[in-house]
Amino acid sequence: MTIRNIKDWGLNINLTPKQPFLISGPCSAETEEQVLETCTQIAHLGVHMLRAGIWKPRTRPGSFEGLGAVALPWLKKASELTGLPTCCEVATGQHVETALKHGVNALWIGARTTVNPFAVQEIADALKGVDVPMMIKNPVNPDLELWIGAIERISHAGIEKIAAIHRGFSVYNSPKYRNQPQWEIPIELRCRIPNLEIICDPSHISGTKTWLYELAQQALDLNFDGLMLESHITPDTAWSDALQQVTPEGLQNILQQLKPRQLDTDNSDYLNKINQFREIIDRLDTQTLELLSRYNPSFL
Ligand code: PEP
Ligand code: MN
């Protein structure tokens with residue numbers, strides 16, 4: 001699969017090796033003022049791309065389902081004011097066409113759409129001949145094949161600027177988080193498609209503000225390439241996902257606490273400890289193989 005890295009998406013996204021790609025903005029575009037205020041206030045915090053939901057796939061009818069195309073000029077204005085590229089969710093071919101017509105710079109496929117190969121294929125068909133970065137969220141259910149299948153459909157449409165977004169997996173009566181991280185699934189995705197960058201979305205995993213920092217730090221420790229964090233000028237009155245959105249100040253607090261993953265060190269205490277662990281693991285490996293070879297000599 002030919003995949004181009006986020007820094008090569010042609011959107012002027014300058015990342016240092018220690019800096020995760022950061023997408024932020026409101027869950028939904030609600031008013032022009034809310035979009036512009038949120039985006040201008042977060043722009044100087046190290047955000048690389050602005051987000052806002054235009055079409056919202058809601059679990060139950062009657063919830064706010066997004067304003068649709070009328071909100072797209074606000075996103076464009078936010079981009080002009082901040083100099084940052086924008087992204088929004090698409091769930092149909094029509095959404096793709098409308099978003100592109102209004103100059104949205106990158107698109108993502110939401111978790112409720114990734115589950116449906118017909119919907120993903122419709123989006124892929126609308127993307128033929130188009131050069132726009134596409135981010136594919138995991139399906140709501142923990143099915144890696146379905147996630148990879150959606151990525152392949154977009155790739156087969158000729159899109160090379162592709163990234164995955166990990167937003168957790170739903171279970172009935174979720175104990176702590178709104179969605180379970182099941183980190184082993186994005187880790188397996190990394191093994192299967194090593195050149196695919198993966199962004200973590202702690203907001204939709206957590207479901208509340210409480211665990212955003214913890215999850216974001218865990219994602220960085222696991223070498224994720226970026227973060228998507230929802231922010232809102234007045235989260236308490238947000239029309240969707242009110243509990244999990246943070247103010248620009250709240251976002252700044254999280255970002256200030258995050259530590260990038262340290263790839264090397266000359267701390268001798270740490271290096272000694274790691275060497276001791278490696279020796280123990282080697283010894284245990286040898287003992288395991290010796291035990292197994294008692295029953296089957298071909299193990300040695
Ligand atoms: C969103 O990003 O606001 C959203 C609806 O996400 P998800 O598809 O992860 O539920
Ligand atoms: Mn949301």
Side-chain angles (χ1 to χ4, degrees), residues 21-30 34-35 38-39 42 47 49-61 63-68 71-72 75 86-92 95-96 99 104 106-116 119-120 123 133-143 146-147 150-151 154 163-171 174 177-182 185-186 189 198-209 211-212 215-216 219 224 226-247 250-251:
F21 173 54
L22 179 61
I23 304 173
S24 191
C27 177
S28 302
E30 300 164 5
Q34 168 251 4
V35 171
T38 308
C39 292
I42 61 171
V47 173
M49 187 180 274
L50 302 169
R51 64 152 281 158
I54 304 295
W55 300 279
K56 303 300 297 176
R58 304 312 297 276
T59 303
R60 303 282 301 273
S63 310
F64 172 59
E65 294 191 327
L67 294 175
L72 285 168
L75 212 47
T86 57
C87 62
C88 75
E89 174 174 349
V90 289
T92 67
H95 292 168
V96 172
V104 180
L107 307 174
W108 84 79
I109 299 178
R112 290 165 191 78
T113 305
T114 308
V115 286
N116 182 345
V120 175
I123 293 169
M134 289 298 299
M135 298 176 282
I136 297 124
K137 287 201 175 193
N138 65 258
V140 281
N141 56 323
D143 186 339
L146 205 48
W147 197 1
I151 293 163
I154 298 304
I165 302 178
H166 167 235
R167 51 75 80 198
F169 303 90
S170 68
V171 292
S174 191
Y177 303 129
R178 175 179 175 189
N179 290 293
Q180 304 311 298
Q182 296 196 247
I185 297 177
L189 176 65
I198 311 181
I199 296 159
C200 180
D201 173 350
S203 303
H204 290 89
I205 297 176
S206 176
T208 65
K209 297 173 194 39
W211 316 111
L212 294 178
L215 288 161
F224 275 68
L227 297 170
M228 181 188 253
L229 284 161
E230 286 184 338
S231 52
H232 191 291
I233 192 72
T234 49
D236 296 343
T237 61
W239 300 359
S240 62
D241 287 350
L243 293 177
Q244 71 195 31
Q245 299 194 69
V246 285
T247 59
L251 180 68

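First listed ligand is number 1; within each ligand, the first listed atom is number 1. Heads up: numbering here begins at 1 and tracks the sequence.
- Annotation for Met228 and Ile199: closest pair N-CG2, 3.8 Å, computed over non-hydrogen atoms.
- For Arg51, the salt bridge (charged side-chain N to carboxylate O under 4.0 Å, His left out) test picks out Glu230, with sequence neighbours left out.
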For ligand 1, list every N/O pair with the protein closer than 3.5 Å, one pair per line with the distance.
from	atom 1	to	atom 2	distance (Å)
ligand 1	2 (O)	Arg51	NH1	2.8
ligand 1	2 (O)	Arg51	NH2	3.4
ligand 1	2 (O)	Lys137	NZ	2.9
ligand 1	3 (O)	Arg51	NH2	2.9
ligand 1	3 (O)	Lys56	NZ	2.9
ligand 1	3 (O)	His204	NE2	3.2
ligand 1	3 (O)	Glu230	OE2	3.2
ligand 1	6 (O)	Lys137	NZ	2.9
ligand 1	8 (O)	Ala111	N	2.9
ligand 1	9 (O)	Lys137	NZ	2.8
ligand 1	9 (O)	Arg167	NE	2.7
ligand 1	10 (O)	Arg112	NH1	2.9
ligand 1	10 (O)	Arg167	NH2	2.9

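- Here Arg112 pairs with nothing under the side-chain hydrogen bond (donor to acceptor under 3.5 Å, both in side chains) rule; sequence neighbours left out.
- Listed here is the closest heavy atom pair of Leu189 and Ala164: CD2-CB, 3.8 Å.
- The minimum heavy-atom distance linking Gln244 with Leu212 is given by the pair O-CD1, 3.6 Å.
- Between Ile54 and His95 there is no side-chain heavy-atom pair separated by less than 4.5 Å.
- Side-chain contact of His204 with Asp241: a donor-acceptor pair under 3.5 Å is present, judged by distance alone.
- Once rounded to the nearest 0.5 Å, the distance linking CD1 of Ile151 with OG1 of Thr114 reads 8.5 Å.
- No hydrogens or angles considered: a donor-acceptor pair under 3.5 Å links the side chains of Ser174 and Gln180.
- Only protein N, O or S atoms were scored, and 4 of them lie under 2.8 Å from the Mn ion (ligand 2).
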